[in-house]
Amino acid sequence: MDNIDKQLVNRLQDGFPVTPRPFLTVAEELGLEESEVMERVQTLLDDGILSRFGPMFQAERLGGGLTLAAMKVAPEDYEKVTEQVNAFPEVAHNYQREHELNMWFVLATETPEGIQDTIDRMEEVTGYKVYNMPKQEEFYVGLRFEL
């Protein structure tokens, strides 16, 4: 990752412009060409430096389901289970934790019932129990990782 990529990732963490040409807006802010910004974002995704680039919605307000889930995965299975879990399109984030429940992720589904269906399928694929911890109250934390 070069300095331009770092500037780009830092800029994208502040939000993506809601403009007719958002990549152009970001490009102008960083002194780049629109096509270069688009190519760099795609390369960061292709190289796995960015795991996700896209909008975030409050699924419940759109009639969907959203929950925090966790698993207790044996260290020797962790990489395999991570790939299995991340293959589900319903997984929005997946983080490793230093805790008995060492894998935490967010599930977002088109319907509230889709959460349990996804958990059932995930348990079948991985062989591990998924602990469902639905949201009781929402807080905004503005998490940002400066590069």
Side-chain angles (χ1 to χ4, degrees), residues 1-99 101-111 114-115 117-128 130-135 138-147:
M1 178 183 282
D2 64 17
N3 283 334
I4 294 174
D5 285 339
K6 289 178 184 177
Q7 289 176 359
L8 179 58
V9 170
N10 285 334
R11 169 58 186 90
L12 295 176
Q13 290 184 79
D14 292 332
F16 200 58
V18 181
T19 63
R21 294 177 64 183
F23 287 98
L24 177 61
T25 302
V26 171
E28 290 173 344
E29 291 174 14
L30 299 178
L32 304 170
E33 296 294 323
E34 179 182 31
S35 61
E36 183 179 3
V37 170
M38 296 169 79
E39 290 169 10
R40 283 180 176 269
V41 169
Q42 188 60 56
T43 299
L44 292 167
L45 288 166
D46 293 344
D47 292 348
I49 294 171
L50 295 181
S51 60
R52 181 183 180 279
F53 178 75
M56 295 186 68
F57 300 99
Q58 291 187 314
E60 304 101 322
R61 290 187 180 185
L62 298 172
L66 186 71
T67 196
L68 177 64
M71 297 171 77
K72 179 182 176 182
V73 180
E76 62 271 18
D77 291 342
Y78 198 88
E79 188 172 326
K80 177 186 74 175
V81 173
T82 298
E83 289 179 18
Q84 292 170 326
V85 167
N86 289 346
F88 282 81
E90 296 88 350
V91 174
H93 311 25
N94 187 352
Y95 301 99
Q96 184 173 13
R97 302 282 187 213
E98 293 181 16
H99 184 270
L101 296 172
N102 55 355
M103 182 182 293
W104 292 72
F105 47 92
V106 173
L107 293 177
T109 58
E110 291 184 17
T111 65
I115 293 294
D117 175 64
T118 303
I119 288 173
D120 291 345
R121 289 185 292 123
M122 199 172 278
E123 288 178 341
E124 185 176 321
V125 167
T126 65
Y128 282 93
V130 176
Y131 295 87
N132 184 11
M133 295 173 264
K135 175 175 63 178
E138 185 166 324
F139 299 93
Y140 176 74
V141 179
L143 181 63
R144 188 175 199 283
F145 299 102
E146 185 75 23
L147 301 178

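The structure presented is a predicted model; accordingly, all values stated were derived computationally and were not measured.
A distance of 5.5 Å separates CE of M1 from CG of L147, quoted to the nearest 0.5 Å. A distance of 4.5 Å separates CG in L8 from CG in L12, rounded to the nearest 0.5 Å. To the nearest 0.5 Å, atoms CG (N102) and CZ (R97) are separated by 11.0 Å. Here T118 contributes atom OG1 and L107 contributes atom CG; the two are 6.0 Å apart, rounded to the nearest 0.5 Å. Of the inter-residue distances, the one linking N10 atom CG with R144 atom CZ reads 5.0 Å to the nearest 0.5 angstrom. Rounding to the nearest 0.5 Å gives a distance of 9.0 Å between OH of Y131 and CD of E123.
K72 and Y128 get closest at one heavy-atom pair: O-CD2, 3.1 Å. Between V41 and F23 the shortest heavy-atom distance is CG2-CE2, 4.3 Å. Looking at every heavy atom in both residues, I115 comes nearest to G65 through CD1-C, 3.7 Å. Pairing each heavy atom of A108 with each of L66, the nearest pair is CB-CD1, 3.8 Å. Taking both residues in full, the closest heavy atoms of P22 and P17 are given as CB-O, 3.2 Å, listed atom of the first, atom of the second, then distance. Closest heavy-atom contact between S51 and L45: C-CD2, 4.3 Å.
Although no hydrogens or angles enter the test, the distance criterion places a donor-acceptor pair under 3.5 Å between the side chain of R52 and the main chain of P55.
Residues R40 and E36 meet the side-chain proximity criterion, which asks for heavy atoms closer than 4.5 Å. E124 is not listed as a side-chain neighbour of D120, based on a closest heavy-atom distance of 4.5 Å or more. Between R21 and T25, the closest side-chain pair of non-hydrogen atoms is not below 4.5 Å. Two residues are said to be in side-chain contact when any heavy atoms from C-beta on lie closer than 4.5 Å; L30 and I4 fail this criterion.
Below 30°, between 30° and 60°, or above 60°: for F16 and F53 the angle between ring planes is above 60°, a perpendicular geometry.
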Please output the side-chain donor-acceptor pairs of residues 84-93 that fall under 3.5 Å, not counting sequence neighbours, one pair per line with the distance.
unit_1: N86; atom_1: OD1; unit_2: N94; atom_2: ND2; d: 2.9
unit_1: N86; atom_1: ND2; unit_2: T82; atom_2: O; d: 3.4
unit_1: E90; atom_1: OE2; unit_2: R121; atom_2: NH2; d: 2.9

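In this structure E60 satisfies the salt bridge (Lys or Arg N to Asp or Glu O under 4.0 Å) test together with K135, sequence neighbours excluded.
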Side chain to side chain contact (heavy atoms under 4.5 Å, CB included) assessment of M38 paired with Q42: CA-CA 6 Å; M38 296 169 79; Q42 188 60 56; over 6 Å; no
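With a 6.0 Å radius and a threshold of 12 heavy atoms from other residues, nucleotides or ligands, E33 has its CD atom at or below the threshold. The environment of CD in E79 is sparse: at most 12 heavy-atom neighbours from other residues, nucleotides or ligands sit within 6.0 Å.
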